[in-house]
Amino acid sequence: MFIRPRAYVDWTVPTDGDGNEVGLCTEDISYRSYLEWLADYLFETEIAVPESQKALLEEYKEKGASHAILDLSDLLGYTIYETEAIQEMSARGAPYSERYEAEREGWDALTEEEREVWDEGDFFTPEEVYNRLGVEHKESKKVPSHIRHADIPYRPVLAALFKDVHDVRKRYELLDFFYCNFNESASK
């Protein structure tokens with residue numbers, strides 16, 4: 001499982017009553033308010049889909065917004081810690097061979113029974129994914145550090161999909177599911 005291509009092209013956030021950007025929701029009321037804002041924002045705002053996410057958008061158009069929300073939140077949550085290590089290694093310029101050798105050592109340390117659970121092709125990070133994650137990590141540095149919402153790297157895709165979801169309650173429910181599933185997946 002590898003995280004889907006991310007793009008950091010829009011990190012607009014609402015402001016609170018004092019005019020401060022809501023870069024992180026730590027209370028239920030701010031979370032609910034953010035989702036209400038985001039449900040409208042993604043529906044109303046045109047966000048250009050970068051080349052790196054066009055194939056992903058086409059896949060999701062066929063399978064629907066609900067599938068996209070589940071897939072994105074699952075992969076983002078389940079791979080968050082592994083992705084962090086890989087992207088930092090790649091972004092600092094470490095050659096792919098270092099990552100491959102570390103994964104090869106991990107593979108070689110598995111027992112026969114453990115290897116039966118894994119498909120060898122799923123155990124190793126492909127070089128193109130390694131390189132992509134490094135580029136995405138560098139691009140993520142454009143986002144101010146106080147803005148930390150998990151939807152940001154997928155806003156172009158979500159905005160395109162949400163244009164066909166006319167019911168604001170449905171958009172809100174999808175976004176709530178995205179965050180709940182992401183948090184649950186990340187905690188495992």
Side-chain angles (χ1 to χ4, degrees), residues 1-11 23-24 47-161 177-188:
M1 287 193 313
F2 298 103
I3 196 169
R4 297 301 199 148
R6 299 167 294 173
Y8 298 88
V9 297
D10 183 303
W11 51 86
L24 182 64
I47 302 173
V49 178
E51 193 63 39
S52 63
Q53 291 184 324
K54 286 185 177 178
L56 181 63
L57 176 59
E58 290 307 310
E59 175 188 333
Y60 288 155
K61 280 184 177 180
E62 289 179 25
K63 296 179 179 178
S66 295
H67 171 80
I69 292 291
L70 174 63
D71 188 59
L72 289 172
S73 60
D74 266 354
L75 290 175
L76 187 61
Y78 284 128
T79 64
I80 194 166
Y81 300 109
E82 186 67 19
T83 297
E84 188 173 305
I86 297 169
Q87 71 186 8
E88 288 175 5
M89 187 177 194
S90 177
R92 76 170 192 270
Y96 172 73
S97 59
E98 281 184 33
R99 179 67 194 178
Y100 179 80
E101 285 307 314
E103 290 176 346
R104 172 56 64 190
E105 287 176 19
W107 177 261
D108 291 344
L110 295 176
T111 66
E112 284 301 317
E113 295 80 32
E114 290 171 324
R115 286 185 192 179
E116 288 177 12
V117 175
W118 287 92
D119 175 44
E120 190 170 348
D122 292 336
F123 191 85
F124 295 94
T125 304
E127 187 170 7
E128 63 273 8
V129 172
Y130 178 80
N131 293 331
R132 174 177 62 85
L133 292 176
V135 169
E136 290 172 1
H137 183 65
K138 288 177 184 176
E139 288 177 2
S140 75
K141 300 300 181 189
K142 296 185 293 188
V143 180
S145 62
H146 70 281
I147 298 176
R148 300 178 51 197
H149 299 291
D151 64 90
I152 288 173
Y154 297 109
R155 282 197 179 169
V157 171
L158 294 174
L161 292 171
F177 181 81
F178 173 87
Y179 273 97
C180 290
N181 192 53
F182 163 72
N183 287 329
E184 183 178 323
S185 299
S187 68
K188 293 182 178 181

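Remember, it's a predicted structure, so these values are computed and weren't measured experimentally.
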Is there side-chain contact between [X] and [Y], with at least one heavy-atom pair below 4.5 Å?
X	Y	answer
Leu72	Phe182	no
Tyr8	Pro153	yes
Pro50	Pro156	yes
Arg115	Asp108	yes
Thr83	Arg6	yes

Would you mind checking if [Y] and [X] are paired as a salt bridge, meaning a charged N to carboxylate O distance below 4.0 Å?
X	Y	answer
Arg132	Glu128	no
Glu88	Lys138	no
Arg99	Glu103	yes
Glu51	Lys54	yes

Looking at every non-hydrogen atom in both residues, tell me the closest pair between [X] and [Y] and how far apart they are.
X	Y	value
Tyr130	Ala94	OH-O, 2.6 Å
His137	Ala91	CD2-CB, 3.6 Å
Val49	Ala160	CG2-CB, 4.3 Å
Phe2	Leu75	O-CD1, 3.6 Å
Gly106	Phe123	C-CZ, 3.9 Å
Ser90	Gly134	OG-CA, 3.3 Å

Task: Parallel, tilted or perpendicular, as decided by the 30° and 60° cut-offs, for the rings of Tyr179 and His149 - done: perpendicular

Interatomic distance, [X] atom [atom1] to [Y] atom [atom2] [nearest 0.5 angstrom]:
X	Y	atom1	atom2	answer
Ile3	Glu136	CD1	CD	7.0 Å
Leu76	Asp71	CG	CG	10.5 Å
His67	Tyr60	NE2	OH	5.5 Å
Ile69	Asp74	CD1	CG	11.5 Å
Trp11	Arg155	CH2	CZ	10.5 Å
Asn183	Phe178	CG	CZ	9.5 Å

Look at atom [atom1] of [X] and say whether more than 12 heavy atoms of other residues, nucleotides or ligands are closer to it than 6.0 Å.
X	atom1	answer
Lys141	NZ	no
Trp118	CH2	no
Glu114	CD	yes
Arg148	CZ	no

TODO: Carefully, step by step, assess Glu84 and Leu133 under the rule side chain to side chain contact (heavy atoms under 4.5 Å, CB included).
DONE: CA-CA 9 Å; Glu84 188 173 305; Leu133 292 176; over 6 Å; no

Open item on the list: For Pro5, is there any backbone N or O sitting under 3.5 Å from a side-chain donor or acceptor partner on Gln53?
Closed with: yes

TODO: Please answer whether the main-chain N or O of Phe177 pairs with a side-chain N or O of Asn181 as donor and acceptor at a distance below 3.5 Å.
DONE: no

TODO: Go through the structure and list residues passing salt bridge (charged side-chain N to carboxylate O under 4.0 Å, His left out) with Glu58, not counting sequence neighbours.
DONE: Lys61

Open item on the list: With no hydrogens and no angle check, just 3.5 Å: does a side-chain donor-acceptor pair link Arg92 and Gln87?
Closed with: no

TODO: Could you give me the CA-CA distance, side-chain angles and deciding distance for Thr125 and Tyr100, then say whether side chain to side chain contact (heavy atoms under 4.5 Å, CB included) is met?
DONE: CA-CA 7 Å; Thr125 304; Tyr100 179 80; over 6 Å; no

Task: Derivation of the side chain to side chain contact (heavy atoms under 4.5 Å, CB included) call for Asp10 and Ile152 - done: CA-CA 7 Å; Asp10 183 303; Ile152 288 173; over 6 Å; no

